[in-house]
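Atom set for the values below is all heavy atoms of this structure, side chains included, hydrogens, waters and symmetry mates excluded.
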Amino acid sequence: MTAVLNALASFFLLAVTAVFAQNAVFSRALGVSRLVRLVGDSAVSNRTFGLLLGVILLISSPLAWLCSQAMTDWEYRRAVRPLLFILCAALAYLLVMYLIQWLHAPHAKELIAVLPLATFNTAVLGPLLIADTQSFTLPQTLGFAVGSAVGYMLAVAIVAEGQRKLQSESVPAPFRGLPITLIYIGILALAIYGFTGHMVSI
């Protein structure tokens, strides 16, 4: 019972850490280009993208953890690891696509159209590599994966809200659009960076 409680505590601790202190976008810059396009893309639902990203991470993270455990003694482990993790994401992609088609999910066409974007990006590969580099246990890996997906969607929501505010006439014309968005993300990244205990050097 104690081992189960410790595993749950570890899961939630890593999930909360990934949402806030180790936010995939603001502290790691994972998926920033996709985030900027996603916020301004009316054809792609933020919720749909976030849900698929979370499902892909939840499926691929235990597969990546198993691969990592199986290749602990490999001489060229570091060189092969990214390729294996991409294969784990590809397996998760195939599984989710099969489930969408098998369950005849509502809005299946929309889900299948967004699925490649939610699978093959740094917001998926990054957490898998970070979890492996930090030698996380399986519960910690799952917690970090879930927290990374939630944190990514939190970042999308914050940037989307910020873009609405940044459409003000007081923003100088040369800075409107992408430049002010990137400045805004950079300021948020500095704020999140402070959560990790780092100080900006003077």
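Here the side chain of Thr17 pairs a donor or acceptor atom with the backbone of Leu13 at under 3.5 angstrom. Of the possible donor and acceptor atoms, one in the side chain of Trp65 sits under 3.5 Å from a partner among the backbone N and O of Phe136. Of the possible donor and acceptor atoms, none in the side chain of Arg81 sits under 3.5 Å from a partner among the backbone N and O of Ser68. In this structure a side-chain-to-backbone donor-acceptor pair under 3.5 Å is missing from Arg176 to Leu166.
Within 6.0 Å of atom CD in Gln69, more than 12 heavy atoms from other residues, nucleotides or ligands are found, so the atom counts as buried in its surroundings. More than 12 heavy atoms of other shown residues, nucleotides or ligands fall within 6.0 angstrom of atom CZ in Phe120. By the 6.0 Å contact criterion, CZ on Arg77 is enclosed, its count of non-hydrogen atoms from other residues, nucleotides or ligands being greater than 12.
Taking CG from Leu190 and OG from Ser27, the interatomic distance works out to 11.5 Å, rounded to the nearest 0.5 Å. Between atom CG of residue Leu35 and atom CG of residue Asn121 there is a gap of 10.5 Å, rounded to the nearest 0.5 Å. Atoms CG and CD1, from Leu52 and Ile100 in turn, are 5.5 Å apart once rounded to the nearest 0.5 Å. A distance of 11.0 Å separates CG in Leu99 from CG in Leu94, rounded to the nearest 0.5 Å. With values rounded to the nearest 0.5 angstrom, Leu66 atom CG is found 12.0 Å from Leu84 atom CG. For the atom pair Leu83 CG and Cys88 SG, the distance stands at 10.0 Å (nearest 0.5 Å).
Annotation: side chain of Leu142 is not in contact with side chain of Val146 (no heavy-atom distance under 4.5 Å). Between Thr122 and Arg28, every side-chain heavy-atom pair lies at or beyond the 4.5 Å cut-off. At least one side-chain heavy atom of Ile185 sits less than 4.5 Å from a side-chain heavy atom of Val36.
Put simply, Leu103 and Leu95 are part of the same group of oily side chains (I, L, V, M, F, W, Y) that touch within less than 4.5 Å, one to the next. Residues Val159 and Val19 fall within the same hydrophobic cluster, defined by Ile, Leu, Val, Met, Phe, Trp and Tyr side chains chained together at heavy-atom separations under 4.5 Å. Leu115 is connected to Leu111 through a chain of hydrophobic side-chain contacts under 4.5 Å among Ile, Leu, Val, Met, Phe, Trp and Tyr, so both are in one cluster. Follow the hydrophobic side-chain contacts under 4.5 Å out from Leu53 and you reach Val156 in the same cluster. Hydrophobic clustering keeps Phe144 apart from Leu125 (ILVMFWY residues linked when any side-chain heavy atoms are closer than 4.5 Å, directly or through intermediates).
Taking both residues in full, the closest heavy atoms of Ala118 and Val124 are given as O-CG2, 3.3 Å, listed atom of the first, atom of the second, then distance. In plain terms, the two heavy atoms of Trp74 and Ala70 that are nearest each other are NE1-O, 3.8 Å. Minimum heavy-atom separation, Glu161 to Arg164: OE1-NH2, 2.8 Å. When all heavy atoms are compared, the tightest approach of Ala92 to Ile59 is CB-CG2, 3.6 Å. Residue Phe85 comes nearest to Leu128 through the heavy atom pair CE1-O, 3.6 Å, listed as atom of the first residue, atom of the second, then distance.
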Problem set entry | Stepwise side chain to side chain contact (heavy atoms under 4.5 Å, CB included) check, Ile187 with Ile183 | CA-CA 6 Å; Ile187 292 168; Ile183 291 169; 4.0 Å; yes

For this session: Walk me through it: do Leu30 and Ile130 pass the test side chain to side chain contact (heavy atoms under 4.5 Å, CB included)?
Result: CA-CA 11 Å; Leu30 298 175; Ile130 292 166; 4.2 Å; yes

Exercise. What's the verdict on side chain to side chain contact (heavy atoms under 4.5 Å, CB included) for Gln134 and Leu14, showing C-alpha distance, side-chain angles and the deciding distance?
Worked result: CA-CA 12 Å; Gln134 299 295 322; Leu14 263 293; over 6 Å; no

Exercise. Stepwise, does the side chain to side chain contact (heavy atoms under 4.5 Å, CB included) test hold for Leu91 with Ser60?
Worked result: CA-CA 8 Å; Leu91 284 172; Ser60 60; over 6 Å; no

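No cation-pi contact links Arg34 to Tyr152, judged by a cut-off of 6.0 Å to the six-membered ring centre and 45° from its axis.
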